[in-house]
Trainee: 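First the structure, which I've put down as structure tokens, then a few questions once you've had a look.
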Amino acid sequence: MWDDAKIKDFQETLLTWYDSEKRDLPWRRNHEPYHIWVSEIMLQQTQVNTVIPYYERFMDWFPTVESFASAPEERILKAWEGLGYYSRVRNMQKAAKQVVQDYAGQWPQTANELQNLVGIGPYTAGAIASIAFNEAVPAVDGNAFRVFSRLFEIEDDIVKPQTRVIFEHVIQQVISKERPGDFNQAIMDLGSSYMTAKNPDPEHSPVKRFNQAYLDGKELEFPVKSKKPRPVEMAYAALVIETDKGFLFEKRSSKGMLANLLAFPLLRVDDLKEKPDDELLTDELVIKLDQWSQENLNQPLVFSPLEGQMVKHTFTHQKWLIDLFVVKTKAFDLSYFPGEFILEKDFDQIAVPKVQQKIWDRYLSLSSNKF
DNA sequence: CAGCCGTGGTT
DNA sequence: TAACCAAGGCT
């Protein structure tokens, strides 16, 4: 471990660099906890350039924590459309209601208390506490893992949850007690510029003389990170049911993929083998779908396979292979089905996940090709 | 703890 | 293309 003089040297070197080179980001205009919070949740597993336009629009739509807490669910989901990990925004609204009701609109000011809010874990609590309230606590994200594993040649696997605690202890030793928020943000800027995962530039880094891994010629050996398994392939049938009142959307279950979002009904067909030409066995499947419609919609629909290439969509853990089946019919009673008919002109009012957009695009191209 | 939860960009 | 990466948290 470094001695006090080296720690002081590191802090001054880092913060001097940060003062002159820090990125101009919309959530760095002030230290409002609401602003910091929104940006930190958006930035979870999401790149800065992706977040910026979402952040600007979010603040336009929901200028205060009170306005966000009272917004309709469809509106907050729409604000999140395309960002992914949709439970983040639903948890955000729960947390906002906690702040408004349990804390009378006054945010808790320590990392420990902040973790009582839904969706705020160790990293986000540290980030908000240090940036908004100047508490000298670490904020261990992917950048911090990358930067400090290299500086100290820490070989623990960063995929393992307990490794975070090791890094917190190290960072607690070197963090600036005067400017903890700037210190944590400087580490993030460093991790996304000179100390990136794949093409780092340690030679020109402001902290290169503190970078033991670089000095030893082992920059790319850190951080140590075990590999994740490849996505599991799953076959689906997507049902495009068009009526005089609009297309049928299903409100998805509150658990699992794309929870609570609206989408065309999707049926797992994992017991059916794919044909070599990349299609499901449609004859068998059409019969199953007809049965499904009778049992779930109380409506004897007869589906037709929409011939053409299947839709493929890869998530972190799953790869979906989707064939389309269509039927045009008269609107029917939806009392026993969790869903609704939506006219095409109203599609832009609801939040749809990427895979749903792909299915719609494929439907449009295939059905227009017929004529 | 290990598995789950989206999307867009890069190589 | 497949694999990996990006300001993680929940169960």
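Just so it is clear, the model here is predicted, and its values are computed rather than measured. Reminder, nothing fancy here: chain letters follow the sequence lines and each chain counts from 1.
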Trainee: As an exercise, state the distance from CE of A/M59 to OG1 of A/T64, rounded to the nearest 0.5 Å.
Mentor: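 If I round to the nearest 0.5 Å, the distance is 9.5 Å.
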Trainee: Salt bridge check: are A/R28 and A/D189 linked by an N-O gap of less than 4.0 Å?
Mentor: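 Yes, A/R28 and A/D189 are salt-bridged.
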Trainee: Which residue, A/T314 or A/H317, contacts DNA chain B at a nucleotide closer to its 5' end, judged by nearest heavy atom?
Mentor: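 Checking each residue's closest nucleotide, the 5'-ward one belongs to A/H317.
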Trainee: Expressed as a whole number of angstroms, how long is the span from A/F145:CZ to C/dA6:C1'?
Mentor: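 About 14 Å, once rounded to whole Å.
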Trainee: Can you list, in residue-number order, the parts of residues 248-257 of chain A that come under 4.0 Å of DNA chain B, counting heavy atoms only?
Mentor: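 Heavy-atom cutoff 4.0 Å gives A/G256, A/M257.
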Trainee: Measure the acute angle between the ring planes of A/F247 and A/W360, then classify it against the limits of 30° and 60° as parallel, tilted or perpendicular.
Mentor: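 Perpendicular: the ring planes of A/F247 and A/W360 meet at over 60°.
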Trainee: Kindly give the cluster partners of A/V232, where membership spreads through any ILVMFWY side chain lying under 4.5 Å from a current member.
Mentor: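 ILVMFWY cluster around A/V232 holds nothing else.
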Trainee: How far does the C1' atom of C/dA6 sit from the matching atom of B/dC5, given to the nearest Å?
Mentor: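 Looking at atom C1' only, C/dA6 and B/dC5 are 15 Å apart.
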Trainee: Within a radius of less than 6.0 Å around NZ of A/K177, do more than 12 heavy atoms belonging to other residues, nucleotides or ligands occur?
Mentor: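 Buried by this count: over 12 neighbours within 6.0 Å.
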Trainee: Which value, in whole Å, describes the distance between the C1' atoms of nucleotides C/dC4 and B/dG6?
Mentor: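 These two C1' atoms come out 15 Å apart once rounded.
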Trainee: Could you work out the complete set of other residues in the hydrophobic cluster of A/V159, with links drawn between I, L, V, M, F, W and Y side chains under 4.5 Å apart?
Mentor: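 None, because no other hydrophobic side chain comes under 4.5 Å of this residue.
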Trainee: Among A/W80, A/F58, A/Y34, whose ring-ring contact (aromatic ring centres under 6.0 Å, His included) with A/F68 holds?
Mentor: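 Running ring-ring contact (aromatic ring centres under 6.0 Å, His included) over A/W80, A/F58, A/Y34 with A/F68 returns exactly one hit, A/F58.
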Trainee: Atom CZ of A/F183 and atom P of C/dA7: how far apart are they, to the nearest Å?
Mentor: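 Nearest whole value for this atom pair: 16 Å.
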Trainee: In residues 127-143 of chain A, which ones come under 4.0 Å of DNA chain C, going by heavy atoms?
Mentor: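 Hits under 4.0 Å, by residue number: A/D141, A/G142, A/N143.
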Trainee: Output the rounded distance in Å from CZ (A/F315) to C1' (C/dA3).
Mentor: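 Distance, rounded to whole Å: 18 Å.
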Trainee: Starting at the 5' end of DNA chain B, which residue's closest nucleotide do you reach first, A/P161 or A/P353?
Mentor: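 Comparing both residues, the 5'-ward one is A/P161.
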Trainee: Both conditions, 6.0 Å and 45 degrees, for the charged tip of A/R29 above the ring of A/W27: are they met here?
Mentor: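 The answer is no; the distance or angle limit is not met.
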Trainee: Strictly by salt bridge (charged side-chain N to carboxylate O under 4.0 Å, His left out), give each pair with a member in residues 154-167 of chain A just once, sequence neighbours left out.
Mentor: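 Applying salt bridge (charged side-chain N to carboxylate O under 4.0 Å, His left out) to every pair that reaches into residues 154-167 of chain A, excluding sequence neighbours, yields A/R164-A/E168.
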Trainee: From the 5' end of DNA chain B to its 3' end, which nucleotides mark the outer limits of contact with chain A, defined by a 4.0 Å heavy-atom distance cut-off (strictly under)?
Mentor: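 Boundary nucleotides touching chain A, in 5' to 3' order, are B/dC1 to B/dT11.
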Trainee: Report the relative orientation of the aromatic rings in A/F183 and A/F10; use parallel for angles under 30°, tilted for 30 to 60°, perpendicular for over 60°.
Mentor: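 Taking A/F10 first and then A/F183, their aromatic rings stand perpendicular (interplane angle over 60°).
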Trainee: Specify the residues of residues 57-90 of chain A, ordered by number, for which at least one heavy atom lies under 4.0 angstrom from an atom of DNA chain B.
Mentor: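 Here the set is A/G82, A/L83, A/G84, A/Y85, A/Y86.
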Trainee: Please determine which of A/Q44, A/Q115, A/E40 meets the side-chain hydrogen bond (donor to acceptor under 3.5 Å, both in side chains) test together with A/T124.
Mentor: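 Output: one option passes, namely A/Q44.
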Trainee: Give A/K160 one of three labels, base, sugar-phosphate or nothing, depending on what nucleic acid heavy atoms sit under 4.0 Å from its own.
Mentor: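 It contacts nothing in the nucleic acid.
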Trainee: Using a cut-off of 4.0 Å on non-hydrogen atoms, how would the nucleic acid contact of A/Q162 be classed: base, sugar-phosphate, or nothing?
Mentor: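 Answer is sugar-phosphate: A/Q162 comes under 4.0 Å of backbone atoms only.
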Trainee: Out of A/N143, A/I187, A/V207, which one pairs with A/M195 under the side-chain contact (heavy atoms from CB on, under 4.5 Å) rule?
Mentor: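 Exactly one option meets the side-chain contact (heavy atoms from CB on, under 4.5 Å) with A/M195, and it is A/V207.
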Trainee: Given 3.5 Å as the limit, does a donor-acceptor pair link the side chain of A/K78 with the main chain of A/A351, or not?
Mentor: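 Answer holds: no.
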Trainee: Identify, residue by residue, the members of residues 17-28 of chain A with a heavy atom below 4.0 Å from DNA chain C, and return them in order of residue number, or none.
Mentor: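 Result for residues 17-28 of chain A: A/R23, A/L25, A/W27, A/R28, sorted by number.
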Trainee: With rounding to the closest Å, how many angstrom separate the P atoms on B/dT10 and C/dA7?
Mentor: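 Each nucleotide's P atom is 14 Å from the other's.
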Trainee: Distance-only, no hydrogens or angles: does the A/R179 side chain make a donor-acceptor pair with backbone N or O of A/L15 under 3.5 Å?
Mentor: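 Absent.
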Trainee: Between A/K228 and A/N91, name the one whose nearest nucleotide on DNA chain C is closer to the 5' end.
Mentor: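 Here A/K228 is the residue nearer the 5' end.
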Trainee: Is the shortest distance from a Lys or Arg side-chain nitrogen in A/R209 or A/D9 to a carboxylate oxygen in the other one below 4.0 Å?
Mentor: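 Judged by the 4.0 Å cut-off on N to carboxylate O distance, A/R209 and A/D9 do form a salt bridge.
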Trainee: Any side-chain to backbone donor/acceptor pair from A/E135 onto A/A111? Under 3.5 Å, distance only.
Mentor: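 Yes.
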Trainee: Identify the heavy atoms of A/P231 and A/T316 that sit nearest to each other, and give their distance.
Mentor: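 That would be CG-O, 3.8 Å.
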Trainee: Test the A/R268-A/Y236 pair against the cation-pi criterion, namely NZ or CZ under 6.0 angstrom from the six-membered ring centroid and within 45° of the ring axis.
Mentor: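 Yes; both conditions hold, so A/R268 lies above the ring face of A/Y236.
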Trainee: Looking at residues 108-126 of chain A, who's got a heavy atom less than 4.0 Å off DNA chain B?
Mentor: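 When residues 108-126 of chain A is checked for heavy atoms under 4.0 Å from DNA chain B, there are no hits whatsoever.
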Trainee: Can you list, by residue number, the residues of residues 40-52 of chain A that have a non-hydrogen atom closer than 4.0 angstrom to DNA chain C?
Mentor: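 Contacting residues: A/E40, A/L43, A/Q44, A/Q45, A/Q47, A/V48.
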Trainee: What orientation do A/F264 and A/F249 show, parallel under 30°, tilted 30 to 60°, or perpendicular over 60°?
Mentor: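 Taking A/F249 first and then A/F264, their aromatic rings sit tilted (interplane angle of 30° to 60°).
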Trainee: If the condition is side-chain hydrogen bond (donor to acceptor under 3.5 Å, both in side chains), which residues does A/N199 pass it with, not counting sequence neighbours?
Mentor: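 For A/N199, no residue satisfies side-chain hydrogen bond (donor to acceptor under 3.5 Å, both in side chains) once neighbours in sequence are set aside.
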Trainee: Just to verify, what does A/Q172 make a side-chain hydrogen bond (donor to acceptor under 3.5 Å, both in side chains) with, not counting sequence neighbours?
Mentor: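 Partners of A/Q172 under the side-chain hydrogen bond (donor to acceptor under 3.5 Å, both in side chains) test: none.
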Trainee: So does A/R230 get a side-chain nitrogen or oxygen closer than 4.0 Å to the phosphate oxygens (OP1/OP2) of C/dA3?
Mentor: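 Answer is yes, contact under 4.0 Å.
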